[in-house]
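All remarks here apply to the structure that follows.
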Number of protein chains: 2
Amino acid sequence: MTDAPNLSPRTIRMSDVAREAGVSAMSVSNAFKKPEIVLPETRKRILEAARRLGYVPNGLAGSLASGRSRTVAALVPSIRNSSFARTVQGLNDELSEQGYQLLLAVADTAERERSAVEAVLRHRPDGIILTGNEHHPDTILLLQQREVPLVETWIMSEPILDMAVGFDLRHAAKEMGRLLVARGYRHIGFAGYAPAERKRFLERQQGFQAALREAGLRDDLLFHADESAGFAGGRLAMEALRAREPRLDALFCVTDIFAVGVLFECQRQGLAVPRDFAVAGYGDFEIAAEVAPGLTTVRTRGYEIGRAAARLIVERAEGLPTALRVDVGFETIIRGSA
Amino acid sequence: MTDAPNLSPRTIRMSDVAREAGVSAMSVSNAFKKPEIVLPETRKRILEAARRLGYVPNGLAGSLASGRSRTVAALVPSIRNSSFARTVQGLNDELSEQGYQLLLAVADTAERERSAVEAVLRHRPDGIILTGNEHHPDTILLLQQREVPLVETWIMSEPILDMAVGFDLRHAAKEMGRLLVARGYRHIGFAGYAPAERKRFLERQQGFQAALREAGLRDDLLFHADESAGFAGGRLAMEALRAREPRLDALFCVTDIFAVGVLFECQRQGLAVPRDFAVAGYGDFEIAAEVAPGLTTVRTRGYEIGRAAARLIVERAEGLPTALRVDVGFETIIRGSA
DNA sequence: CTGAAAGCGCTTACAG
DNA sequence: CTGAAAGCGCTTACAG
């Protein structure tokens, strides 16, 4: 009836560190959380013991006890899309600097978002970052039932559940529309994302249309392609819209990817850009500066959106006063394509 | 001395559901975890009570008690890189299907990886997915001290800490080198990633060199650019290598991004591809099929790498027998550029 | 099939 | 400045 030998290399607990350092578990906890309240001398002993044993605190237990998980969940519609990849990078950088961990879920439909929100809620994140402001009713219910801080990104218009980080999508598109008009183009089409009704998409289209209408031009040369269409989306838009309006002389695309597709298509057809045909994009992805001619485009700030969204959550979690809206702005970048 | 009114909308706990359903908390737990052991009748009552209250289990408490977090951590060097973006997508899809949550950390240096591993370990993931097999010694120590399942990705060569998912990098590069040789090119350069010593990078270079040597060609036309160089990396490589070997007639790039950069540069210089100059890439990113001529490239399976890595962790967590190595293969895609 | 009770590894007023 | 003890919300043998 002797004690069973300690066969498995058990995980080091706080109490192990305490014993090793000859103090109570509480002092170990304090040495980490509130170093100023424990004597430098004992603190040193504790930290050394922790080092020696390779102690890594169990955050699960800590979170359960403290009610804070130091975890932030982000839901993005896609990770392959440069804009969201930048946002995730921004989230990661800010959160890791602040000692928080990112829970990522990619969900490309409202239905998937709903189940991802529930999945993520189980881990009791200190905040949730969503993309856009259109959600499944159940998602909203689930979220409003708790007091978890929320940031909606890539959008600034109501209804916003809690906080938002983005920029004026409508204005950005309007500015580009105006630029095309000012350049003298008169039959300007729009290559948007389907589904066109999605607000994150629709606002750009409406801004674009507003610019055309204020110039007295027709604003109904619209085409919508799935995000996954890639470069092909640009070609498809060009074909479809030229069929409807042979004089089509410019195309504004909701993504540089479509725009580059248009550029490639112009090359194939021997259309001189921007003389015969103009193209403008959205995103200022890396390729925009590389193609010839360079792509005139809207530079968005996906990375900053991620940083700011993370910052809002952390500030709120720390009980700091936080903004409810952060406008990161945009920039119109003029290169050779329009 | 009356009870304080329940002001704040407290989070629903398992015991609340139990009371609502008129059973013990244990039965609630069982109704979710081992539905077969509770009477269909009572189970129904429990599930309905849970629904009514909007109960979302506290996974933190569950994990602490059960020793399993249903969480998997992944460390990737970049999220902007298409290959890793695909891997993350694969991880997300597989994990969410299996009811696990992804903890993501992007860490682009061994030092950052080290601190990310520690950060992630606090959340007691059921497994950790790393990129490559070169790690900080402390990282290895930290990891080997616990019994957490590990998968190294995008590499198949020793030393492997535990499990690995990837393909034969050397072979893939060798095959492309041979193809260039077979096409008749004789002064073939290599545009690699810096730092060149990194094994994930080096093996491709060595495979490439092997192909040249077996054809009796010189194998020292090497250039290395930072991953962040983007399209410019291709141009820089071209300039540098042509300076060293004016007869340079082909370039094999470790990424389609560099390769497309080369293609753009050839256009600018009026070099006919593939007649005057050949380019081959690596990755088969979307753009490879869109540029003209299309890019001859190595198609890797980043998405499958993510899926497989996640699957290994989950299988191990569930106590199932698992493979230690998964080779997802690659494919040489021949288009017009070489 | 159902339940009382201990325990997971921390944190947090509260004493001393 | 330090520590004993309760509690966070689950899970899990173990009885009944």
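The chains referred to below are lettered A, B, ... by the order of the sequence lines, with proteins before strands, and numbering in each begins at 1.
Spacing between atom CZ of R70(A) and atom P of dT11(C) amounts to 11 Å, rounded to whole angstrom units. Between the C1' atom of dG9(D) and the CG atom of L121(A) lies a distance of 15 Å, rounded to the nearest Å. A straight line from CG of N30(A) to C1' of dT12(C) spans 9 Å, rounded to a whole angstrom. In this structure, D16(A) atom CG and dC10(C) atom P are separated by 9 Å, rounded to whole Å. At whole-Å resolution of the value, CG in L60(B) and P in dG7(D) are 20 Å apart. Atom CD1 in I37(A) sits about 9 Å away from atom P in dT2(D), given to the nearest Å. A straight line from CZ of R19(B) to C1' of dG9(D) spans 14 Å, rounded to a whole angstrom. We find that CZ of F32(B) is positioned 17 Å from C1' of dT12(D), with the value rounded to whole Å.
Remark: S29(A) is in phosphate contact with dT11(C), judged by side-chain N or O atoms under 4.0 Å from OP1 or OP2. Y55(B) has a side-chain polar atom (N or O) that falls below the 4.0 Å cut-off from OP1 or OP2 of dC10(D).
Residue-level contact check: S63(B) touches neither bases nor backbone, having no heavy atom under 4.0 Å from any strand.
Heavy-atom distances to DNA chain C give each of V38(B) and S15(A) a nearest nucleotide, and the one nearer the 5′ end belongs to V38(B). Nearest-nucleotide assignment on DNA chain C puts the 5′-proximal partner with L39(B), out of R124(B) and L39(B).
When all heavy atoms of E227(B) and F84(B) are compared, the pair lying nearest together is OE2-CE1, 4.3 Å.
The side chain of N58(A) approaches dC10(C) more closely than any other nucleotide in the set dT2(D), dC10(C), dT11(C). For S24(A), the listed nucleotide lying nearest its side chain is dG3(D); candidates were dG3(C), dT2(D), dG3(D). Closest to the side chain of S66(A), from the set dT11(C), dT2(C), dC10(C), is dT11(C). Set against dT2(C), dT11(C), dG3(C), the side chain of M26(B) has dG3(C) as its closest nucleotide. The M14(B) side chain lies nearest to dC10(D) when the options are dC10(C), dT12(D), dC10(D).
Looking at R200(A) and P77(A), their side chains come closer than 4.5 Å, going by heavy atoms from C-beta outward. Looking only at side-chain heavy atoms (C-beta outward), L161(B) and H135(B) come within less than 4.5 Å of each other.
Under a 3.5 Å cut-off, the side chain of E158(B) and the backbone N or O of I160(B) do form a donor-acceptor pair.
Pair assignment for dG16(D) gives dC1(C), based on Watson-Crick or G-U wobble hydrogen-bonding distances that are each under 3.5 Å.
The aromatic rings of Y55(A) and F32(A) are tilted relative to each other, their planes meeting at an angle between 30° and 60°.
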